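Not measured: the values here are computed from a predicted model. Residue numbers run from 1 in the order of the sequence given.
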Amino acid sequence: MPAIGLILANWKPIAIALALLGVVAYRGVLVHQRNSARAQAAALVTQIADLKGAEAACEAAVSQQNQRVLAMRSAAERLAAATATREANVSSAAALSVARESERATQTLHAPIAADCAGAIKWGNAQAGELGKW
């Protein structure tokens with residue numbers, strides 16, 4: 001019991017000492033939190049700088065890819081135009097060839113060929129140059 005009596009007799013200095021101890025502990029916690037917040041802020045600033053660099057690199061890559069896509073698109077358009085021109089030329093040439101051959105076939109169908117074998121051979125020999133082209 002003497003310890004309780006001593007505490008009761010000196011409660012004011014003990015309370016002041018405990019209050020001071022609490023203030024010192026609270027200050028230590030605040031200083032630790034401040035230092036931790038500063039370190040976290042510095043890390044975030046570094047991370048922001050890194051992310052801005054990565055963003056710039058991505059924007060450059062996107063720009064480069066867009067240029068490549070535009071180049072591919074223009075090449076495809078040129079190829080499509082050339083193909084359409086080539087197709088039109090081939091179609092025109094084929095139509096002309098069909099018309100010529102149709103005319104020749106009509107002429108051949110209406111050609112006067114003698115009814116006897118000798119006449120047919122004579123006509124065939126006359127046409128040999130043309131028939132040899134087929």
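Proximity of Val69 to Arg73: side-chain heavy atoms (C-beta onward) are separated by under 4.5 Å at one or more points. At a threshold of 4.5 Å between non-hydrogen side-chain atoms, the residues Val90 and Glu87 do not count as touching.
To the nearest 0.5 Å, atoms CD (Glu77) and CE (Met72) are separated by 12.5 Å. For the atom pair CG (Asp50) and CD (Gln47), the distance works out to 7.5 Å, reported to the nearest 0.5 Å. Atom CD1 of residue Ile16 and atom NZ of residue Lys12 lie 8.5 Å apart, to the nearest 0.5 angstrom. The CG atom of Leu21 sits 13.0 Å away from the CD1 atom of Ile14 when rounded to the nearest 0.5 Å.
Atom CD of Gln65 has more than 12 heavy atoms from other residues, nucleotides or ligands within 6.0 Å. Enclosure of atom CD in Gln107 by more than 12 non-hydrogen atoms of other residues, nucleotides or ligands within 6.0 angstrom is indicated. Arg34 CZ: more than 12 foreign heavy atoms inside a 6.0 Å radius.
The closest donor-acceptor contact from the side chain of Asp116 to the backbone of Gly119 lies under 3.5 Å. At distances below 3.5 Å, not a single donor-acceptor pair connects side-chain atoms of Ser92 with backbone N or O atoms of Ala88. Using a distance-only test at 3.5 Å, with no hydrogens or angles considered, no donor-acceptor pair links the side chain of Ser63 to the main chain of Glu59. Judged by distance alone, the side chain of Ser36 and the main-chain N or O of His32 form no donor-acceptor pair under 3.5 Å.
Classification of Arg104 and Glu101 as a salt-bridged pair holds, one side-chain N sitting under 4.0 Å from a carboxylate O.
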